[in-house]
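A short write-up of the structure that comes next.
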Amino acid sequence: MIGGVTMEHKDIKLIALDMDGTLLSPNHEISEANKQAIHEAKQKGIHVVISTGRSLPNCKEVIEPLGESAYLITINGGEIYDEGFNLVERNPLSGKDVRHLWDLTNKHNAFFWSSTVEGRFNSHEPFEKEVEDYEWLKYGFEFEDPELRETILSELENNDAFEVTNSSPTNIEVNPAGINKATALRKVTDWLDLTMDQVMAVGDSVNDLAMIREAGYGVAMGNAQDIVKQEAQWVTSTNKEDGVAKAIEHVLNQ
């Protein structure tokens, strides 16, 4: 907790930041304090890597003011880009697994949304082709009914083909098994000749858990879901209170 734990010195060489609920304020903006802290970290030779559930088109303009980064992780590790926003790696769901998710959606009359190579679709924007004819990177559900969410979550968690997380308490996000932010960060650290011990990861939701667990220093936002706070080594301020800037300052001031 803030003021309750003394942060041990870590040889942090890479800071991985989630976007929504973490880097971004509740108004979906990057505060000046967060921008300044990120620029200061970069000036000191620390890589700052955005690690988000968003797709590239949905995050590029927001993060461009932060300047170049060695890599960008999107769609919970579904895609990795280099400093020029060139695709380095893509990890799609199989057509068979997408069909299973689609059938589950129809069975429960659930609201779905998607990240595909061909664009974004949801229950209000139907497909023009068969679901298997798209290259799916992530399948998402949004719920108003908590009981329905638990029903579908239970079915998904019993399927070894899926990596099941969320970016809010009212949704479910599905990637292929083994594809998450930690998997992507392990690859990025290898490419940069670093180790996960040299990473500080900051996030607020279940899709951040894997990287928070595996990073040398895992930090939860003050507004994070309880399970994320429990798994983190430290809890910073909320995204209303420049929690990212405060976490970075702790690293820089050690």
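If you're wondering where the values come from, they're calculated on a predicted model, not measured in any experiment.
By the 4.5 Å heavy-atom criterion applied to side chains, Leu87 and Ile80 are not counted as neighbours. Inter-residue side-chain proximity for Thr189 and Val199 is flagged as met; some heavy-atom pair is nearer than 4.5 Å. For the pair Val88/Tyr81, no side-chain contact is recorded, criterion being any heavy-atom separation below 4.5 Å from C-beta on. Put simply, the side chain of His47 reaches to within 4.5 Å of the side chain of Leu194, judged on heavy atoms. For the pair Met211/Thr183, no side-chain contact is recorded, criterion being any heavy-atom separation below 4.5 Å from C-beta on. The shortest side-chain heavy-atom distance between Asp20 and His28 falls under the 4.5 Å cut-off. At least one side-chain heavy atom of Gln230 sits less than 4.5 Å from a side-chain heavy atom of Asp226. In this structure, His124 and Phe111 have side chains that are in contact, with non-hydrogen atoms separated by less than 4.5 Å.
Looking only at distances, no side-chain donor or acceptor of Trp191 sits under 3.5 Å from a matching main-chain atom of Ala70. With hydrogens and angles ignored, the 3.5 Å screen pairs a side-chain donor or acceptor of Asp82 with a backbone N or O of Phe85. Between the Asn158 side chain and the Ser154 main chain, a donor and an acceptor come within less than 3.5 Å of each other. Not a single donor-acceptor pair under 3.5 Å links the side chain of Ser115 to the backbone N or O of Leu137. Judged purely by atom type and a 3.5 angstrom limit, Lys181 has no side-chain atom pairing as donor or acceptor with the backbone of Ile73. Judged by distance alone, with hydrogens and angles left aside, the side-chain atoms of Asn106 form a donor-acceptor pair with the main-chain N or O of Trp102 at under 3.5 Å. When atom types are taken as modelled, the side chain of Lys138 and the backbone of Gly78 share no donor-acceptor pair closer than 3.5 angstrom. Formation of a donor-acceptor pair under 3.5 Å by the Asp18 side chain with backbone atoms of Ser205 is not found in this model. The closest donor-acceptor contact from the side chain of Ser31 to the backbone of Asn34 lies under 3.5 Å. Asn91 places a side-chain N or O within 3.5 Å of a backbone atom of Gly77 that can act as its donor or acceptor partner.
Here His108 contributes atom NE2 and Asp103 contributes atom CG; the two are 11.0 Å apart, rounded to the nearest 0.5 Å. Atom CE of residue Met19 and atom OG of residue Ser167 lie 12.0 Å apart, to the nearest 0.5 angstrom. Distance check, rounded to the nearest 0.5 Å: OG1 of Thr22 to CE of Met221 gives 5.5 Å. For the atom pair Leu23 CG and Glu29 CD, the distance stands at 11.5 Å (nearest 0.5 Å). A distance of 5.5 Å separates CD1 in Ile63 from CD1 in Ile50, rounded to the nearest 0.5 Å. The distance from the CD1 atom of Ile15 to the CD1 atom of Ile38 is 8.0 Å, given to the nearest 0.5 Å.
At a threshold of 4.5 Å between side-chain heavy atoms, the hydrophobic network of Ile, Leu, Val, Met, Phe, Trp and Tyr places Ile172 and Leu93 in one connected group. Under the 4.5 Å side-chain heavy-atom criterion for grouping Ile, Leu, Val, Met, Phe, Trp and Tyr, Ile179 is not connected to Val98 through any hydrophobic cluster. Using a 4.5 Å cut-off between side-chain heavy atoms of Ile, Leu, Val, Met, Phe, Trp and Tyr, with links allowed through other members, Val49 and Tyr217 fall into different hydrophobic clusters. Note on Val235: it does not cluster hydrophobically with Leu209, by side-chain heavy-atom contacts below 4.5 Å among ILVMFWY residues. Linking ILVMFWY side-chain heavy atoms closer than 4.5 Å, directly or via other members, places Val48 and Leu192 in two distinct hydrophobic clusters.
The heavy-atom pair separating Ala110 from Ser123 by the smallest distance is O-OG, 3.8 Å. Nearest heavy atoms, Ala247 versus Val219: CB-CG1, 4.3 Å. Between Thr238 and Gly222, the shortest heavy-atom distance links the atoms CG2-C, 3.7 Å. Annotation for Pro26 and Lys240: closest pair CG-CG, 3.3 Å, computed over non-hydrogen atoms. When every heavy atom of Thr52 is checked against every heavy atom of Arg54, the shortest pair comes out as OG1-N, 2.9 Å. The two residues Glu68 and Glu83 come nearest to each other via the heavy atoms OE1-CG, 4.0 Å.
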The test is side-chain hydrogen bond (donor to acceptor under 3.5 Å, both in side chains); show your working for Ser55 and Asn58 and say whether it passes.
CA-CA 5 Å; Ser55 63; Asn58 203 26; 5.1 Å; no
Pair Glu173-Trp113, side-chain contact (heavy atoms from CB on, under 4.5 Å): steps then yes or no:
CA-CA 9 Å; Glu173 299 189 349; Trp113 50 270; 3.5 Å; yes
If you apply the rule ring-ring contact (aromatic ring centres under 6.0 Å, His included), what do you find for Phe127 with Trp136, and how did you get there?
CA-CA 12 Å; Phe127 305 106; Trp136 289 71; 5.4 Å; yes
Hey, mind stepping through Glu135 and Thr116 against side-chain hydrogen bond (donor to acceptor under 3.5 Å, both in side chains) and telling me if it holds?
CA-CA 5 Å; Glu135 192 168 9; Thr116 76; over 6 Å; no
Can you check side-chain contact (heavy atoms from CB on, under 4.5 Å) on Cys59 and Leu72, steps first, answer last?
CA-CA 10 Å; Cys59 72; Leu72 166 67; 4.2 Å; yes
Show your reasoning for whether side-chain contact (heavy atoms from CB on, under 4.5 Å) applies to Arg186 and Glu214.
CA-CA 9 Å; Arg186 285 200 301 271; Glu214 294 194 32; 2.6 Å; yes
Tell me, with the steps shown, if Lys42 and Ile46 meet side-chain contact (heavy atoms from CB on, under 4.5 Å).
CA-CA 5 Å; Lys42 288 183 175 182; Ile46 298 174; over 6 Å; no
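With respect to Asn207, the side-chain hydrogen bond (donor to acceptor under 3.5 Å, both in side chains) criterion is satisfied by exactly one of Asn175, Thr165, Asn76: Asn76.
Within 6.0 Å of atom CG in Asp160, 12 or fewer heavy atoms from other residues, nucleotides or ligands are found, so the atom counts as exposed in its surroundings. Glu64 CD: more than 12 foreign heavy atoms inside a 6.0 Å radius. Atom NZ of Lys129 has more than 12 neighbouring heavy atoms from other residues, nucleotides or ligands inside a 6.0 Å radius.
A donor-acceptor pair shorter than 3.5 Å cannot be found between the side chains of Asn239 and Glu241. The closest side-chain donor-acceptor pair between Thr170 and Ser168 falls under 3.5 angstrom. Using modelled atom types, one finds a donor on one side chain and an acceptor on the other under 3.5 Å when comparing Gln225 with Asn166. Glu132 and Tyr134 share no side-chain donor-acceptor pair at under 3.5 Å.
For the pair Lys246 and Glu249, the salt-bridge criterion is not met [side-chain N within less than 4.0 Å of a carboxylate O]. A salt bridge links Arg99 to Glu130: one of the charged nitrogens lies within less than 4.0 Å of a carboxylate oxygen. With respect to the salt-bridge test (charged N to carboxylate O, under 4.0 angstrom), the residues Lys35 and Glu40 do not qualify.
The aromatic rings of Tyr139 and Phe141 lie tilted to each other, with the angle between the two planes from 30° to 60°.
Aromatic ring centres of Phe112 and Phe143: separated by at least 6.0 Å.
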